[in-house]
Amino acid sequence: MPEGHTLHRLALDLGAAFGGDLTWSSSPQGRFAEGAARIGPRVMEGAEAYGKQLFVRFAGLEEQVRVHLGLIGGLAIHSGLPEPGAVGDLDARPVVGQVRWRLESVRAWADLRGATVCTLITPDEKAAYLAKLGPDPLRDDADPSQAWRRINRSRSTIGALLMDQSVLAGVGNVYRAEVLFRHNLDPFLEGRFLRRDEWDAIWGDLVGLMAYGVTHNRIDTVRPEHEPEAMGRAPREDDHGGEVYVYRRTHLPCLVCGTPVRTEVLAGRNLFWCPRCQPRSRRRTPVRG
DNA sequence: GAGCCATGGAGAA
DNA sequence: TCTCCCTGGCTCC
């Protein structure tokens with residue numbers, strides 16, 4: 001589920017569902033029991049995302065909740081009016097599976113599952129985490145030049161650099177594959193060989209793609225002329241819902257040229273690309289294997 | 001029921 | 001580069 005757009009969307013949804021309301025925290029699974037008890041019944045002020053990190057603020061509490069969903073985590077927000085007095089009554093809102101943190105109010109509740117991180121942190125600790133992150137295309141305060149300085153002097157491949165949260169915050173495996181495809185870039189191109197105009201185009205594209213992701217709560221990267229209706233093909237139906245060019249389309253024909261999509265592990269994750277639309281660059285990193 | 005996989009990342013080696 | 005953690009859904013037997 002979680003690339004940066006997911007977390008920004010969750011921050012908006014949490015704010016809309018709980019902002020300004022008195023909330024109750026609990027940890028049915030138990031692993032956030034101390035934190036939940038420390039928060040206690042308290043007004044939630046708001047939430048914000050930075051890259052794939054989510055921070056939740058409560059009134060009168062200096063610490064904030066820091067959530068990182070990891071690969072498999074999810075935060076499900078439900079709205080709906082329970083029976084009066086049902087807040088805290090787990091029978092009224094049954095716990096399904098491993099719920100690390102339940103947040104509820106009289107009008108909504110949210111269940112956090114599978115997160116790698118859910119903890120209370122001090123302002124100093126928060127600042128330290130943020131300092132480690134590169135610019136986030138979804139934030140107005142982001143400076144793409146900051147990422148460019150890292151990329152421009154790196155011998156790592158652009159495919160690896162895009163996944164490095166200290167270079168760029170919020171991009172994950174789907175956006176990395178898709179943005180490289182959209183710009184016909186060889187994923188194995190070394191960062192130091194990327195041109196500034198290529199970087200500016202990538203950044204601008206990510207800003208648009210990820211903002212769309214927040215709005216629609218899914219990743220769509222296919223241009224209008226390659227959409228299913230335009231090409232007379234069946235829409236993609238999988239757990240993401242969105243239309244993509246290469247992500248998880250191994251061996252399937254490229255939507256643009258028909259060449260089978262390739263896959264290989266890069267930076268510890270499955271990379272997908274079209275060998276014809278993203279040809280080997282002469283600026284590419286020396287041949288491996 | 002076991003095994004595998006996933007939009008992530010930390011820590012060991 | 002490897003190993004491990006987090007959880008649920010899907011496949012295969």
Side-chain angles (χ1 to χ4, degrees), chain A residues 1-11 27-33 35 49-54 65-76 94-102 110-119 121 125 128-134 136-138 155-157 159-182 187 206 209-214 216-222 236-250 261 263-273 285 288-289:
Chain A
M1 319 291 169
E3 293 198 23
H5 70 297
T6 302
L7 283 300
H8 283 265
R9 175 58 181 259
L10 281 173
S27 180
Q29 174 214 48
R31 296 183 51 179
F32 187 53
Y50 200 124
K52 297 168 187 169
Q53 312 268 339
L54 178 68
V65 180
R66 171 185 170 232
V67 171
H68 195 296
L69 295 180
L71 183 58
I72 60 178
L75 177 57
V95 171
V96 178
Q98 297 289 307
V99 176
R100 179 90 52 88
W101 180 27
R102 168 164 286 191
D111 284 344
L112 176 71
R113 295 184 184 80
T116 50
V117 175
C118 176
T119 182
I121 59 168
E125 289 170 328
Y129 283 116
L130 295 186
K132 293 180 192 168
L133 297 177
D136 176 351
L138 286 171
R155 288 171 180 269
S156 296
T157 63
L161 288 164
L162 288 177
M163 293 280 281
D164 184 339
Q165 301 298 298
S166 70
V167 173
L168 192 63
V171 171
N173 206 18
V174 184
Y175 284 124
R176 123 168 126 171
E178 294 298 307
V179 80
L180 289 173
F181 177 90
R182 284 167 58 93
L206 285 171
L209 288 173
M210 294 174 76
Y212 175 99
V214 174
H216 298 271
N217 212 9
R218 67 179 213 176
I219 298 178
D220 272 303
T221 60
V222 171
R236 176 186 173 90
E237 287 191 21
D238 66 8
D239 48 353
H240 309 116
E243 287 291 329
V244 292
Y245 282 108
V246 291
Y247 176 71
R248 283 225 252 172
R249 294 195 65 246
T250 310
V261 170
T263 186
E264 189 176 307
V265 174
L266 176 62
R269 313 297 302 283
N270 291 318
L271 168 72
F272 305 87
W273 81 101
T285 192
R288 311 153 348 294

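Order of the sequence lines fixes the chain letters, A, B, ..., with proteins taken first and strands second; residue numbering starts at 1 for each chain.
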*Side-chain N or O of A:His68 less than 4.0 angstrom from OP1 or OP2 on B:dG8?*
no

*Which is true for A:Gly73 with a 4.0 Å heavy-atom rule: it touches a base, it touches only sugar-phosphate, or it touches nothing?*
nothing

*Could you tell me whether A:Arg100 contacts a base, only the sugar-phosphate backbone, or nothing, with contacts defined as non-hydrogen atoms closer than 4.0 Å?*
sugar-phosphate

*Return the set of residues passing ring pair (Phe, Tyr, Trp, His ring centres under 6.0 Å) with A:Tyr212 (not counting sequence neighbours), or none when no residue passes.*
A:His216

*What residues, two or more places apart in sequence or in another chain, satisfy side-chain contact (heavy atoms from CB on, under 4.5 Å) together with A:Met163?*
A:Asn173, A:Arg176, A:Arg269

*Could you measure between the two P atoms, the one in C:dT3 and the one in B:dC4, and give it in whole Å?*
14 Å

*Output yes when at least one side-chain N/O atom of A:Asn173 is less than 4.0 Å from OP1 or OP2 of B:dA6, else no.*
no

*Just checking A:Gly172: base, sugar-phosphate only, or nothing, at a heavy-atom cut-off of under 4.0 Å?*
sugar-phosphate

*Under the side-chain contact (heavy atoms from CB on, under 4.5 Å) rule, collect the residues that match up with A:Thr250, sequence neighbours excluded.*
A:Thr263, A:Phe272

*Within the pair A:Gln53 and B:dG8, is there a side-chain N or O less than 4.0 Å away from OP1 or OP2?*
no

*asked:* Could you work out, with side-chain contact (heavy atoms from CB on, under 4.5 Å) as the rule, every residue matching A:Thr221, not counting sequence neighbours?
replied: A:Glu178, A:Arg182, A:Leu209, A:Ile219, A:Val244, A:Tyr245

*Go through the structure and list residues passing side-chain contact (heavy atoms from CB on, under 4.5 Å) with A:Val167, not counting sequence neighbours.*
A:Ala147, A:Arg150, A:Ile151, A:Leu161, A:Asp164

*Pair assignment for DNA chain C - dot-bracket with | for other-strand partners, Watson-Crick or G-U under 3.5 Å*: |||||.||||||.

*asked:* Base, sugar-phosphate or nothing for A:Glu3? Non-hydrogen atoms, less than 4.0 Å.
replied: base

*Quick one: pull up OH in A:Tyr50 and NE2 in A:His8 and give me the separation to the nearest 0.5 Å.*
9.0 Å

*Which part of the nucleic acid, if any, lies within contact of A:Arg31, taking any heavy atom under 4.0 Å across all strands shown: a base, the sugar-phosphate backbone alone, or nothing?*
sugar-phosphate

